[in-house]
There are 2 protein chains.
Amino acid sequence: MEALKQKLVDEGIKPTFQRISILKYLEENSKHPTADMIYDFMRKKMPTISKTTVYNTVHTFLENGLINELTITGQESRYDINTHNHHHFLCRNCGKIYDVDIQCPHGLPGKDVVDGHKIDEIHGYFKGICQDCLRKNSS
Amino acid sequence: MEALKQKLVDEGIKPTFQRISILKYLEENSKHPTADMIYDFMRKKMPTISKTTVYNTVHTFLENGLINELTITGQESRYDINTHNHHHFLCRNCGKIYDVDIQCPHGLPGKDVVDGHKIDEIHGYFKGICQDCLRKNSS
DNA sequence: GTGCTTGCAAATCGTTTGCAATAGC
DNA sequence: GCTATTGCAAACGATTTGCAAGCAC
């Protein structure tokens with residue numbers, strides 16, 4: 001709790017109870033949740049929390065680079081606390097998102113350039129059928 | 001017109017006037033339009049067309065692999081007729097999307113596997129500031 | 001005619017906004 | 001006390017759905 005609080009203070013973010021709790025959830029639950037999933041989880045411990053606060057908080061975290069936003073599904077944003085350079089795999093069957101530990105060889109954010117455009121973010125998305133679903137389908 | 005019609009017939013899609021027209025727009029206008037942009041353009045030539053038809057049509061095209069869906073902005077879907085393997089760059093300043101002619105070295109759709117998951121689609125998204133905006137800002 | 005396609009209107013869902021109440025330095 | 005944060009309700013925008021009318025083979 002104190003470490004999380006410090007993390008927010010270090011970023012210049014006022015460490016409110018809501019923000020610390022959401023950061024904690026994201027750290028212990030690196031499952032690329034939607035805003036709704038965060039909201040549902042938070043409500044168990046804090047029934048008065050509002051969805052607005054969830055959105056406010058993830059926006060604050062995004063602005064400070066504490067989390068990344070994934071737009072892989074096209075339906076809703078997913079939030080990822082794992083900010084090191086990696087890619088994602090979306091299963092078209094079960095909807096689960098997996099981390100894929102691949103480094104992009106085309107450049108590093110903030111450092112490199114593609115066709116003259118300055119790159120800040122790199123997103124690699126794979127879509128297909130995950131190992132789990134492949135196994136279930138073949139059996 | 002006939003070539004476009006044939007393309008639809010070949011895919012087993014009934015070549016209605018609306019579908020041919022939308023395909024024509026996408027082929028001559030590979031600018032990753034939104035459904036709304038397609039709708040606005042189509043209305044000029046066919047004022048009675050409905051947004052539902054635009055959505056129906058792009059869904060049909062997607063199912064048949066005639067186009068790809070880009071979820072790069074997180075706001076709305078973009079449609080791309082260019083089905084060869086390439087990546088995209090989104091400018092955070094002007095919102096323009098550029099094609100980036102890079103091949104993904106991690107596998108090819110339908111053929112390869114990552115962490116045991118079967119890959120059907122590969123999407124590479126870069127975000128940053130485009131060459132145009134860099135030039136304008138520095139001058 | 002039968003079945004698919006079209007297009008209108010209404011519904012849905014994720015997200016944002018306006019604003020008053022609240023909390024923390 | 002002042003300022004930022006919270007949370008409610010309403011608005012919004014992209015997309016989907018229900019359904020009646022239209023079209024093509």
Side-chain angles (χ1 to χ4, degrees), chain A residues 1-2 4-6 8-23 25 32-64 66-67 69-80 90 95 97, chain B residues 4-5 8-9 11-23 25 32-64 66-79 90 95 97:
Chain A
M1 202 70 173
E2 275 310 311
L4 293 170
K5 187 169 173 177
Q6 194 54 47
L8 293 177
V9 172
D10 289 348
E11 296 286 341
I13 303 170
K14 200 179 283 184
T16 67
F17 184 63
Q18 286 88 336
R19 287 170 173 170
I20 296 170
S21 305
I22 291 175
L23 183 61
Y25 169 69
H32 325 99
T34 62
D36 234 53
M37 288 160 74
I38 299 171
Y39 176 61
D40 281 345
F41 182 89
M42 296 309 298
R43 248 196 319 186
K44 290 179 201 157
K45 314 231 162 178
M46 199 189 312
T48 61
I49 201 172
S50 76
K51 209 176 274 189
T52 306
T53 298
V54 173
Y55 278 108
N56 285 341
T57 302
V58 294
H59 289 158
T60 302
F61 289 178
L62 281 171
E63 279 161 24
N64 287 273
L66 284 178
I67 58 177
E69 186 176 29
L70 311 183
T71 59
I72 187 169
T73 69
Q75 304 293 313
E76 73 285 295
S77 287
R78 304 262 179 166
Y79 303 99
D80 191 0
L90 170 69
I97 295 174
Chain B
L4 293 170
K5 187 170 172 176
L8 293 177
V9 172
E11 297 286 341
I13 303 170
K14 200 180 281 186
T16 66
F17 184 62
Q18 286 88 335
R19 285 170 176 170
I20 296 170
S21 306
I22 291 175
L23 183 60
Y25 170 68
H32 326 98
T34 62
D36 235 51
M37 289 160 75
I38 299 171
Y39 175 61
D40 281 344
F41 182 90
M42 295 310 298
R43 249 195 321 184
K44 290 179 203 157
K45 314 230 165 183
M46 199 190 311
T48 60
I49 200 170
S50 76
K51 210 176 273 190
T52 306
T53 298
V54 173
Y55 279 109
N56 285 342
T57 302
V58 294
H59 288 158
T60 302
F61 289 177
L62 281 171
E63 279 161 24
N64 288 273
L66 283 178
I67 58 176
N68 285 326
E69 185 177 29
L70 310 183
T71 59
I72 187 169
T73 68
Q75 305 292 312
E76 74 285 295
S77 288
R78 305 263 176 164
Y79 304 99
L90 170 69
I97 295 174

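Convention: sequence-line order gives letters A, B, ...; per-chain numbering from 1. Since we're looking at a predicted model, the values are computed, not measured.
In this structure, NZ of B:Lys51 is placed 13 Å from P of C:dA9, rounded to the nearest angstrom. If you take CZ of B:Phe17 and C1' of D:dC25, they are 19 Å apart, rounded to a whole angstrom. Distance CG (A:Asn56) to P (C:dT22): 18 Å, rounded to an integer number of Å. The separation between A:Ile20 atom CD1 and C:dA23 atom P is 16 Å, rounded to whole Å. Nucleotide D:dA14 holds its C1' atom 15 Å from the CE atom of B:Met37, rounded to whole Å. Atoms CD1 (B:Ile49) and P (D:dG22) sit 18 Å apart, rounded to a whole Å. Separating the CD atom of B:Gln18 from the P atom of D:dG22 is a distance of 14 Å, rounded to the nearest angstrom. Rounded to an integer number of Å, the gap from B:Gln75 CD to D:dC12 P is 16 Å.
Using a 4.0 Å heavy-atom criterion, one finds that B:Asp36 contacts no nucleic acid atom at all. No contact: A:Thr34 has no heavy atom under 4.0 Å from any strand. Looking at heavy-atom distances under 4.0 Å, B:Thr16 makes contact with sugar-phosphate atoms alone, never a base.
Heavy-atom distances to DNA chain C give each of B:Thr53 and A:Tyr79 a nearest nucleotide, and the one nearer the 5′ end belongs to B:Thr53. Nearest-nucleotide positions on DNA chain D for B:Glu69 and B:Lys14 put B:Glu69 closer to the 5' end.
Taking side-chain N and O atoms only, A:His59 has a distance below 4.0 Å to OP1 or OP2 of C:dT16. Residue B:Tyr55 places none of its side-chain N or O atoms closer than 4.0 Å to OP1 or OP2 of D:dT16.
The backbone N or O of A:Leu70 sits nowhere less than 3.5 Å from a side-chain atom of A:Arg78 that would complete a donor-acceptor pair. Using modelled atom types, one side-chain atom of A:Thr71 and one backbone atom of B:Thr71 make a donor-acceptor pair closer than 3.5 Å.
In this structure, A:Arg43 and A:Ile49 have side chains that are in contact, with non-hydrogen atoms separated by less than 4.5 Å. Counting heavy atoms from C-beta outward, A:Thr57 and A:Thr16 have side chains that stay 4.5 Å or more apart.
Below the 3.5 angstrom threshold, one finds no donor paired with an acceptor across the side chain of A:Ser50 and the base of D:dC8.
Picking from C:dG18, D:dA14, D:dT6 the nucleotide with the shortest atom distance to the side chain of A:Thr52 gives C:dG18. Counting only heavy atoms from C-beta on, A:Glu76 has its side chain closest to C:dT15 among C:dT6, C:dT15, D:dT15.
Partner of B:Ile22 under the side chain to side chain contact (heavy atoms under 4.5 Å, CB included) criterion, chosen from B:Phe61, B:Tyr39, B:Phe41: B:Phe61.
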